[in-house]
4 protein chains.
Amino acid sequence: MNDGGKGGDGTGRAAPSKRKDARRNKETLLDAAATVFVRSGVEAPVRDIAAEAGVGMGTIYRHFPTRADLIIAVYRHQVEACAEAGPALLASSASPHAALGQWINLFVDFLVTKHGLAAVLQSDSSGFDTLHAYFLDRLVPVCTQLLDAAAEAGEIRSGVEAYQLMRGVGNLCIGAGSDAHYDPRRLVELLIAGLRRQPD
Amino acid sequence: MNDGGKGGDGTGRAAPSKRKDARRNKETLLDAAATVFVRSGVEAPVRDIAAEAGVGMGTIYRHFPTRADLIIAVYRHQVEACAEAGPALLASSASPHAALGQWINLFVDFLVTKHGLAAVLQSDSSGFDTLHAYFLDRLVPVCTQLLDAAAEAGEIRSGVEAYQLMRGVGNLCIGAGSDAHYDPRRLVELLIAGLRRQPD
Amino acid sequence: MNDGGKGGDGTGRAAPSKRKDARRNKETLLDAAATVFVRSGVEAPVRDIAAEAGVGMGTIYRHFPTRADLIIAVYRHQVEACAEAGPALLASSASPHAALGQWINLFVDFLVTKHGLAAVLQSDSSGFDTLHAYFLDRLVPVCTQLLDAAAEAGEIRSGVEAYQLMRGVGNLCIGAGSDAHYDPRRLVELLIAGLRRQPD
Amino acid sequence: MNDGGKGGDGTGRAAPSKRKDARRNKETLLDAAATVFVRSGVEAPVRDIAAEAGVGMGTIYRHFPTRADLIIAVYRHQVEACAEAGPALLASSASPHAALGQWINLFVDFLVTKHGLAAVLQSDSSGFDTLHAYFLDRLVPVCTQLLDAAAEAGEIRSGVEAYQLMRGVGNLCIGAGSDAHYDPRRLVELLIAGLRRQPD
DNA sequence: GATGAATGAGGTTTCATTCAT
DNA sequence: AATGAATGAAACCTCATTCAT
């Protein structure tokens, strides 16, 4: 959304120009943000991120007007990868339900390593609307596809929407890491198991 | 020493005594807090709660030194009721697993109507330690009992601890209410279903 | 301390009468205040004193409208004793200057054991005016007498006023006790030594 | 808005650069703080200082994270000057004892004009540790040097430590200014006189 | 474009003092 | 007379966000 798409823009650039500098700067920013996010969570003070990047705070606001924009940018690659893994898993797995389980695991693995991200994903603070929307837009369709496939195969009960499932999985990941006795993976596994069409 | 005083004091007191007033006031406070908690969540500013109750902020601090104390007081009755319902359900339900499901539903019903409580329950901020402890102390044993019964009856897979389950359920309840499309009950149902010993 | 504990106090009272009760109460208060002053300084919260005495805060305000009143009452005996020691020392000492030194030592001994009193004695907060006045009224004349005697005997340089000297000694006592490396007695000794008519 | 000031800045600079502005601002802050310190003492509310300077409170915290930092900054020049005057006086004075007296006078002159500083200098509140340390680190060695010189010259009794002397002098300066009848200078003079080796 | 100084709302907590019971 | 609950002013400190340079 904020930079103009899949990347067609780079093909034959010759002049390094301001543009390149800016890009480098932006990437420095993303690296710094990622680092700080790991250290202090995705709600870390802007100042800390700026300091880590060695730039002024204004620079961050220029490139990423809202925190959501920054978070999205930092995790875009991983979200994309996750989204793209959906169809692939569907194709390669023994069953749609298995594919769903594996895909969800990818999502969980992503979330549990992102200190504070899961929490912010369910925040209803309007500042995070964009973030919310991005994750949903990108992942819900994939999840829907997997869910539909499993439903069609008769493996799962119907009536569970992808949106809900994603939200639930996201929620289960909140607080992981701060409590060694809490293992979201295990619970998510139960959740997915619960989707199974029941024997009785 | 300070009240013996004149001596008699007892039997037929007409004066309602400060004590009674204070007690009433405390209840006013709890009502006010409950109201504000619904409106703005359990992390609402102390000042707001005081205003709602029509008292000074100091009054709140007098009765409830920490926010955790206030939250516990506000919800104590419901938590107790929930805890006590466990054994009852176990006795009256068709199966331990069914009892577990029903009990969890009670817990979910409780949580989803408490704006922000679920979120705070998993917060690792030290200010909420007491709150955390209270919920855990009161509910985990009950859950354990239900879980054990179900395990013994061979209805569920073993290896899931009550603590984890409660945490998971609590997490699933975060953000309920702020999103009409998100229904924790449904997901919790899946989670509990997932506990079932699998057919394969 | 404040309730008689061992029970010895019962000797032979027949008619406790309101008056006596009130007196007892007042004394209980003074004991409690003294205790708390030692523990937390003379600026300890009113509530603490009330708690120590086992009475309500209102009772303290009734008997001692201002903190200064309370402080004065607590230390009155000792201040009186100090004041009265002046003439006695003058009569019994080898020289007026020696008497002065001994008397000042009494004052210092009194102050250094009263956590925070010296500090409050020089506070210009209007709340302490009475306190200020009491100490001054009671002790400055005594000091003047000693000073005059010493001056008359040609032992000290003239031109130092009792008020100043008392203030100075009081100031030197501030903070004693909180710093093992600071010994007001030694400095006061220098001050008094400095009063001596210089040889040159 | 915030300073207008003496006007010297007009020379020829066109772009005073943020840095320069900030520096000026910092000085504005120090001036304001000094003013407020005179008016209300060194423990004046941060908000008052900010108001006096015409800046937000955050600005104060940016430049001076703790109150001790601010106080030190406000008085640094004078403390340094005082410290540096020590050796100079020693070199130029008739005797080490005279030098000591003059140096102490400088210190007293400094303190008596700093409303509340002397009081805070003996506070044992941990917030002022830095302040305490600064004054001690800077001045005690100088005092030691003067004291040692005088002792070596046989002018004073030994056994008085610079730390104690400084503390004592500081204490004597507490409350100066709020009482026209109290003149610390006179008392300090006595103290120093008292150091003299006694004739007897 | 970049910088980072400045702003100031926002929330917390403490206690002296009053006054209804 | 005594009680102690209630009041609420005061101060503190933090950060997201803006904007002059």
Side-chain angles (χ1 to χ4, degrees), chain A residues 18-19 21-22 25 29 43-48 50-51 53-63 65-67 127, chain B residues 1-3 5-6 13-26 29 43-48 50-51 53-63 65-67 127, chain C residues 18 21-22 25-26 29 43-48 50-51 53-63 65-67 127, chain D residues 1-2 14-26 29 43-48 50-51 53-63 65-67 127:
Chain A
K18 287 255 171 87
R19 192 118 78 192
D21 275 10
N25 210 328
L29 236 41
E43 308 215 69
V46 176
R47 202 185 310 272
D48 292 0
V55 305
M57 293 176 306
T59 305
I60 299 202
Y61 279 96
R62 163 174 305 276
H63 289 294
T66 75
R67 182 175 293 267
Chain B
M1 156 172 281
N2 59 13
D3 91 299
K6 32 216 104 164
R13 243 183 303 94
S17 97
K18 192 69 60 63
R19 209 97 100 213
K20 201 164 261 163
D21 268 19
R23 194 175 345 232
R24 177 189 303 279
N25 210 324
K26 194 161 185 169
L29 235 44
E43 307 215 68
V46 174
R47 214 186 299 273
D48 291 358
V55 304
M57 291 177 311
T59 304
I60 304 220
Y61 281 98
R62 158 183 293 275
H63 291 291
T66 73
R67 182 177 293 270
Chain C
K18 288 255 171 87
D21 274 11
N25 208 329
K26 199 157 183 171
L29 236 42
E43 307 215 70
V46 176
R47 202 185 310 272
D48 291 1
V55 304
M57 293 174 306
T59 304
I60 300 202
Y61 279 96
R62 162 176 304 275
H63 290 294
T66 73
R67 181 175 294 266
Chain D
M1 159 179 281
N2 56 12
S17 94
K18 189 71 60 69
R19 204 98 99 214
K20 207 163 254 163
D21 267 19
R23 194 175 343 236
R24 174 189 302 279
N25 210 324
K26 193 161 187 170
L29 234 43
E43 308 214 68
V46 174
R47 212 186 301 273
D48 291 358
V55 304
M57 290 179 314
T59 305
I60 304 219
Y61 282 100
R62 158 183 295 276
H63 289 293
T66 75
R67 182 177 294 269

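A note on names: the letters A, B, ... follow the listed sequences, proteins ahead of strands, and every chain is numbered from 1.
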Spacing of C/Asp48 atom CG relative to E/dC15 atom P, expressed in whole Å: 8 Å
Per C/His63 side chain, nearest of listed nucleotides E/dT7, F/dA2, E/dA2: F/dA2
Interatomic distance, D/Lys26 NZ vs E/dG4 P [rounded to whole Å]: 15 Å
For B/Arg47, all residues meeting side-chain contact (heavy atoms from CB on, under 4.5 Å), sequence neighbours excluded: B/Met57
Donor/acceptor link under 3.5 angstrom from C/Arg62 side chain onto base of F/dA1: no
side-chain N/O A/Thr59 vs E/dT3 OP1/OP2, d < 4.0 Å: yes
Stems involving DNA chain F, each a run of at least 3 consecutive Watson-Crick or G-U pairs under 3.5 Å: E:2-21 with F:2-21
Per-nucleotide protein contact string for nucleotides 13-18 of chain F (B base, S sugar-phosphate only, - none; heavy atom under 4.0 Å): BB-BBB
Sugar-phosphate only, base, or nothing, as touched by B/Gly54 at under 4.0 Å among non-hydrogen atoms: sugar-phosphate
d(CG, D/Asn25; P, E/dT7) in whole Å: 7 Å
Atom-pair distance (CD1 on B/Ile60; P on F/dT7), nearest Å: 9 Å
By side-chain contact (heavy atoms from CB on, under 4.5 Å) - contacts of B/Thr59 (at least two apart): B/Leu29, B/Val55, B/His63
